[in-house]
Amino acid sequence: MSEEKYIPGSKLAKWFDSRLPLLTLSHHLKEYPTPKNLNYWWTFGGILTFCLITQIVTGLVLAMHYVAHVDHAFESIEHIMRNVNYGWLIRYVHANGASMFFLAVYIHIFRALFYGSYKAPREVIWIIGLIIYILMMATAFMGYVLPWGQMSFWGATVITNLFSAIPFIGESVTTWLWGGYSVDNPTLNRFYSLHYLLPFLIFGLVILHIWALHIPGNNNPIGIDVKKNKNETMPFHPYMVMKDLLALLMFVIVFLWFVFFAPNVLGHPDNYIEANPLVTPAHIVPEWYLLPFYAILRAIPSKLGGVIFMFAAIFILMLLPWLDSSKVRSCTFRPIYKKFFWVLLFVVILLGYLGAKPPEGVYLILSRLATAYYFIHFLILLPLLGRYEKTDPLPRSISDPVLDKPSVIDKLKKAAATYEGGNVGSFK
Amino acid sequence: MSKEINPKRRNFLFTTTYSVGAIGIGAAIWPLVDQMNPDSSVKALSTTEVDVSSLELGKSITVLWRGKPIFIKRRTEQEIDEAKKVELKDLKDPQTDSDRAKNPEWLVMVGVCTHLGCVPLSDKGDYKGWFCPCHGSHYDTSGRIRKGPAPKNLEIPKYEFVDSKTIKIG
């Protein structure tokens, strides 16, 4: 991208920067050119960074009071809630923070789907993003086990048993994951250890994600390449920083509404019952953000098949940059794909709804149809659309769609006329 | 000193170096992997003795063995008959009832659904045996899978009657 080379101002700065170019880095982050037409859907990267840091900080503090032992874990959570100063607040922020993190990541992912942000030259950003998403799910799952309630225990049992579907070695793999013959104290301990580790791996991958982003620069709502040196970009600071902060404030309002007014609405009441290996709750449901995949798991009437389809639903996204062969990125210029995008969003939300329902009757039929559609979208519709869809003409620059609308030109002319009289030229 | 290059000798040295290196790394990683397998204290709890003298006909008890629930069911004549009547070709995981219960009156099984590990509920489901509430697997009065996503019959653990009223599991 078009950036002038940074030359440190003082001698000391020069000395330091030539040894460790932190000043160059901070200059780059400040001046990083962003397309001037980015909308508010582009603020979720910043929001997600905020979510990750919030989870790490609150988690760090909770770890000072939590005890990872089957006899004390449940009790220590209640201890945090009742005795630790502000423990209730920190735990509710951490628990709801996980949900908010996923809310933001789903918006971020669907934004990429709508505007084709996964397409060349941004495939690597997309794949790193998906790895982050997978690690997020693993981290959230293990975190949910730590309070050692009924949902913790049985959620852990069901999810670890997914691996027993692997032919031949499945049994040994689950025994190895458990450190025993069922989910028990060794399992709780290792989940705690990994729950502490994974967020830092995510943090590292976020740095790679941003690094990979800064090579080609941001995609934008029009989806065409931004021209260099054409007044089409703005420095990240202060323009995008301010915009991101405004969006973040709105997001935090929603976040804190949950924390203060409905802290348990996204959780399950059964998790306030201590784990009991002899009684399975009548309805086991994962946290809301895993429900679409849970619906796919249950839609397939075979153990191994269900597991394969569930993992395939995630990993198929890695191939998206190649399955979607259309050269046009943004949905704005893809009239047919745009419709299918909304259908896909509806189907994913429907799968989420079905994942929370018992797998019987009409729910089961609907989850099978929705699962089939999910795979048809990626494996059949996208390659066909890439080949046969007639896309709308692309503008020559990201400024054109604004200036091309006659009403806008008239409005600008009128405004200019009040200052400069009738003799106003073209704005192009 | 000869300046002649001997590729055979060089390749041999490379291959052996890589091999020894790979074995060394593998040997260093293995303890880190194996530490996650069941430890001695977990393995030590591998048998449980249960007094079943007070169990009435048609009732069952659940005991914990290796952290898993074990169903011990004292079956009625009717339940045994039902289990024996079933033809092998109707079964997803074919097994005769006599293979599953040495003494037909006593059925001892691991009470863990072979689908994803929930505990099935007794006297429920379409086959009057067990029903798993998690994903809807139905088991018959012999604990065999009849309907639903589970691939296998409820597992029979190793057990024996120590005397007429005590069962040793494991």
Residue [X] excluded, over 12 heavy atoms near [atom1] under 6.0 Å:
{"X": "A:F346", "atom1": "CZ", "result": "no"}
{"X": "B:K84", "atom1": "NZ", "result": "yes"}
{"X": "B:K92", "atom1": "NZ", "result": "yes"}
{"X": "B:E105", "atom1": "CD", "result": "yes"}
{"X": "A:Y66", "atom1": "OH", "result": "yes"}
{"X": "B:F161", "atom1": "CZ", "result": "yes"}
{"X": "B:E49", "atom1": "CD", "result": "yes"}
{"X": "A:E171", "atom1": "CD", "result": "no"}

Where is the tightest heavy-atom contact between [X] and [Y], given as atom of each residue plus distance?
{"X": "B:C134", "Y": "A:I284", "result": "SG-CD1, 3.3 Å"}
{"X": "A:P186", "Y": "B:V42", "result": "CG-CG2, 4.3 Å"}
{"X": "A:W154", "Y": "B:C118", "result": "CZ3-CA, 3.7 Å"}
{"X": "A:S182", "Y": "B:K68", "result": "CB-CG, 4.0 Å"}
{"X": "A:P281", "Y": "B:P133", "result": "O-CG, 4.2 Å"}
{"X": "A:N161", "Y": "B:G117", "result": "ND2-CA, 3.2 Å"}

* Distance in Å, A:S164 OG paired with B:K152 NZ, rounded so as to fall on 0.5 Å steps ->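 Those atoms lie 9.0 Å apart.
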
* **Most contacts with chain A, counted as non-hydrogen pairs under 4.5 angstrom, among B:D39, B:L64, B:T62, B:V33** =>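 Option with the top pair count is B:V33.
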
* A:L364 portion near chain B, given a 4.5 angstrom heavy-atom threshold ->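 No part of A:L364 comes within 4.5 Å of chain B.
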
* For A:Y294, is it the side chain, the backbone, both or neither that has a heavy atom under 4.5 Å from a heavy atom of chain B? -> side chain

* Which portion of B:V112 sits near chain A, non-hydrogen atoms under 4.5 angstrom ->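 Neither the backbone nor the side chain of B:V112 comes within 4.5 Å of chain A.
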
* Has the side chain of A:K303 got a donor or acceptor atom that lies under 3.5 Å from a matching backbone atom of B:H115? ->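 Looks like yes, one N/O pair under 3.5 Å.
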
* To do: Answer yes or no: is there a donor N or O on one side and an acceptor on the other, between the side chain of A:R298 and the main chain of B:H135, under 3.5 Å?
  => no

* **Worked check of side chain to side chain contact (heavy atoms under 4.5 Å, CB included) between B:L116 and A:L162** => CA-CA 6 Å; B:L116 294 173; A:L162 293 178; 3.7 Å; yes

